[in-house]
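Before any comments, here is the structure.
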Amino acid sequence: MPTQASHGANGAASNDAHYTAEYLRLKALAERGVANAQHSLGFMYVNGQGVPKNDQMAVHWYLKAAQAGLEHAQYNLGVMFQKGQGVPQDLAQAVHWYQQAAEQGYAAAQYNLGWLYAKGQGVEQDPIQAMHWFSKAAEQGDAGAQNNLGMMYETGKGVPQDFREAIVWYRRAAEQGYARAQFNLGLRYDTGQGVQHDPQQAVSWFRKAAEQGYAPAQFNLALKFDKGQGVPQDSRKAIAWYKRAAEQGHASSQFNLGLIYDSGHGIERDEAAALDWFRRAAAQGHAGAQDNIGLRYEHGQGVRQDFEAAAEWYLKAAEQGSASAQYHLALLFDSGHGVPRDPAQAVDWCRKAAEQGHLRAQFDLGLRFEGGNGVPQDFKLAMTWYLRAAEQEYAAAQFSVARLFDDDDAQMLDTNQAYHWYRKAADQGHPHAEFALGLRYDSGLGTQQDYDAAHFWYLRAARQGHARAQFNLGLMCASGHGTAEDLMQAYGWLLQAERNGYPAATRYLRHVESRMPPEQLAHLRARLLGAEPAAA
């Protein structure tokens, strides 16, 4: 809720010569105690119109007019005390003079007095008093006060929360062209809070505020074009609006421009430009940008690899609560890159990230507790962290949950739960889970034996290079379990299993070879191994 700090004036002259003549006339009137002349003289001094700019003299003449009861002089004197312009900053004095003008119905003073009560500056914070003075100014049509009333109704500060009433005040200010209110109204249409959700109305109000140069609206409009929400997706327009906001120092726009230049989405990929925008955002404390710069230094992307610099950037972001940076910092403490190796610090940062819902950190903590890496081994805590990641559909964690339910040592045996989590991971294409399901159907462990289902899951895992699945699939093809007997398929899968390091495959390969006609085997070997068939 920014304070209004402009100085009001009665009219304006057209040239310095006129101001000089006007100054002499006003000075004579001011010295005779005419309050309006005293105020106008103060205004001339504060703006350097017809006289050298002199804030102290401005305060001198404003004070005389204010003491005479002139409300706009009282207001401008309040501004001088609030800003410390021509006098030492004194917020209590600002409150005093705003109060004098506000009680005479001066809207700008009512607004500024409300703002000081809202912030607790120069006076004890009092939302009810803030509401009172904002209401007074708003009823006179002050757009800033109307917008702030909307914010108070929205947040329930100084008044019962009422989203519909917030919309009323936002709209009154927005229709006067007040950019912040246009933006706030756009947000409400975007979320459907206090008004029916309407993406097109949201875009319309964002655009009105954005065209006035309001950076948060420019950012939100860019997001709409970026994602195609309420408007056709248009990367060029998104980039244009991001740039307008970014050039005003809007950190999130700078960060998003960095991402766009880094990915080449809608624009030619440019690592140097990406790094430049990330640096601008990071310098303003944007945690995502700081984490991103850390990644660049860690991996030497666009910069010389420097683990110490990576650790410094990760730490800046991690201390702001960035879960991604906390996890990356944990990995550096694990490896001792850029920081002394410290398993305890690694666990601590990993836990911070995990508690914020970071999937990899949750999974990593599960691994640590399962293996006793930096912490005492604790299967229950391992299961807790695996489950948190698994419930967010992280396939590796789902597999680990199933594995613990399947493990005698973990003392949590539950075949139904094991099957449930294997299936969830397998449905996402996790090869070890696919193999585990194949094995259960093959053996009838925890489920009805079903060779067709076993073949199905082995095949999915085998196609992803799972050596033992390839071996079992080879055996099924050789024996006709779950599929028609096919020695050529059996040979092919067993050969892949052997190549992938599964030693038992070699013996079964020889067995399958012994069952195949020599000519068929020769042609198969030529196709699979690239060898010429033996001469007849």
Side-chain angles (χ1 to χ4, degrees), residues 327 353-355 357-371 377-484 486 489-490 492-494 496-497 500-502 504-505:
Y327 179 63
E355 286 169 350
H358 191 283
L359 285 176
R360 291 294 300 273
Q362 291 171 338
F363 179 64
D364 189 282
L365 268 187
L367 290 172
R368 290 170 190 273
F369 279 110
E370 184 180 359
Q377 187 178 53
D378 188 325
F379 289 117
K380 288 186 178 178
L381 278 175
M383 177 64 89
T384 297
W385 288 111
Y386 284 147
L387 273 171
R388 287 180 66 172
E391 286 163 357
Q392 294 189 67
E393 304 304 321
Y394 190 49
Q398 292 170 337
F399 173 72
S400 293
V401 168
R403 187 170 42 73
L404 286 185
F405 277 126
D406 216 10
D407 186 350
D408 287 333
D409 291 337
Q411 298 182 339
M412 301 180 200
L413 282 174
D414 187 326
T415 55
N416 290 332
Q417 281 292 313
Y419 176 86
H420 169 76
W421 289 106
Y422 280 138
R423 181 59 187 263
K424 287 182 79 69
D427 284 341
Q428 293 196 68
H430 192 284
H432 296 296
E434 291 167 341
F435 171 73
L437 277 184
L439 201 59
R440 294 177 98 75
Y441 280 113
D442 200 358
S443 63
L445 177 63
T447 186
Q448 186 174 354
Q449 192 172 51
D450 185 335
Y451 291 131
D452 288 343
H455 180 271
F456 171 81
W457 290 110
Y458 283 150
L459 182 60
R460 285 185 55 168
R463 284 172 173 165
Q464 294 193 68
H466 193 287
R468 194 173 166 197
Q470 292 167 341
F471 173 73
N472 285 8
L473 197 58
L475 295 185
M476 295 189 86
C477 290
S479 63
H481 282 161
T483 185
D486 187 331
Q489 283 285 321
W493 285 118
L494 289 169
Q496 286 193 51
N500 285 325
Y502 197 70

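Count residues from 1 along the sequence.
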Residues 394-416 vs ring-ring contact (aromatic ring centres under 6.0 Å, His included), sequence neighbours excluded, gives F363-Y394, F399-Y422, F399-H430, F399-H432
Any sub-3.5 Å donor-acceptor pair from E434's side-chain atoms to W457's backbone N or O? no
Flag, side chain of Q362 to backbone of A354, donor-acceptor distance under 3.5 Å: yes
The criterion is salt bridge (charged side-chain N to carboxylate O under 4.0 Å, His left out); which residues satisfy it with D427, sequence neighbours excluded? R423
Give, for atom CG of L437 and atom CG of D450, the distance between the pair rounded to the nearest 0.5 Å. 11.5 Å
In a check of ring pair (Phe, Tyr, Trp, His ring centres under 6.0 Å) between F471 and each of Y458, F435, Y502, which one passes? Y502
Closest non-hydrogen contact found for G474 with A490 is O-CB, 3.3 Å
State which residues pass salt bridge (charged side-chain N to carboxylate O under 4.0 Å, His left out) with D406; sequence neighbours excluded, sorted by chain then number. R440
Specify the closest pair of heavy atoms between A497 and A505, including all atoms of both residues, with the distance to one decimal. CB-CB, 3.9 Å
Under a 3.5 Å distance rule, please check whether Q464 uses its side chain to pair with a backbone N or O of G429 as donor and acceptor. yes
Working to the nearest 0.5 angstrom, can you tell me the gap between D407 CG and F379 CZ? 6.0 Å
Nearest-0.5 Å distance, NE2 of residue H420 to OG1 of residue T415: 13.5 Å
Identify, with sequence neighbours excluded, every residue that meets salt bridge (charged side-chain N to carboxylate O under 4.0 Å, His left out) alongside R403. E370
For the student: nearest non-hydrogen atoms of A454 and G438, plus distance: CB-O, 3.4 Å
Rounded at 0.5 Å granularity, tell me how far CG in N472 sits from CG in L494. 9.5 Å
Quick one: closest heavy-atom pair of A425 and A395, and the distance? CB-O, 3.5 Å
Value for CD (Q398) from CG (L387), rounded to nearest 0.5 Å, stands at 10.0 Å
W493 and L459: side chain to side chain contact (heavy atoms under 4.5 Å, CB included), yes or no, with the steps? CA-CA 10 Å; W493 285 118; L459 182 60; 3.7 Å; yes
Pairwise salt bridge (Lys or Arg N to Asp or Glu O under 4.0 Å) hits with a residue in residues 377-391, at least two apart: none
Got a donor-acceptor contact below 3.5 angstrom from the Q449 side chain to the D442 backbone? yes
So does Q470 get a backbone contact from the side chain of Q496, meaning a donor-acceptor N/O pair under 3.5 Å? no
Atom of A462, atom of A469 and distance for their closest heavy-atom approach: N-CB, 3.8 Å
Could you please spell out the steps behind the side chain to side chain contact (heavy atoms under 4.5 Å, CB included) verdict for R460 and H466? CA-CA 9 Å; R460 285 185 55 168; H466 193 287; over 6 Å; no
Taking only residues two or more places apart in sequence, or in another chain, which ones meet R468 in a salt bridge (charged side-chain N to carboxylate O under 4.0 Å, His left out)? none
Which value, rounded to the nearest 0.5 Å, describes the distance between D364 atom CG and Y327 atom OH? 4.5 Å
Are Y451 and Y441 an aromatic pair, judged by ring center distance below 6.0 Å? no
At their closest point, which heavy atom of A389 faces which heavy atom of A397, and how far apart are they? CB-CB, 3.5 Å
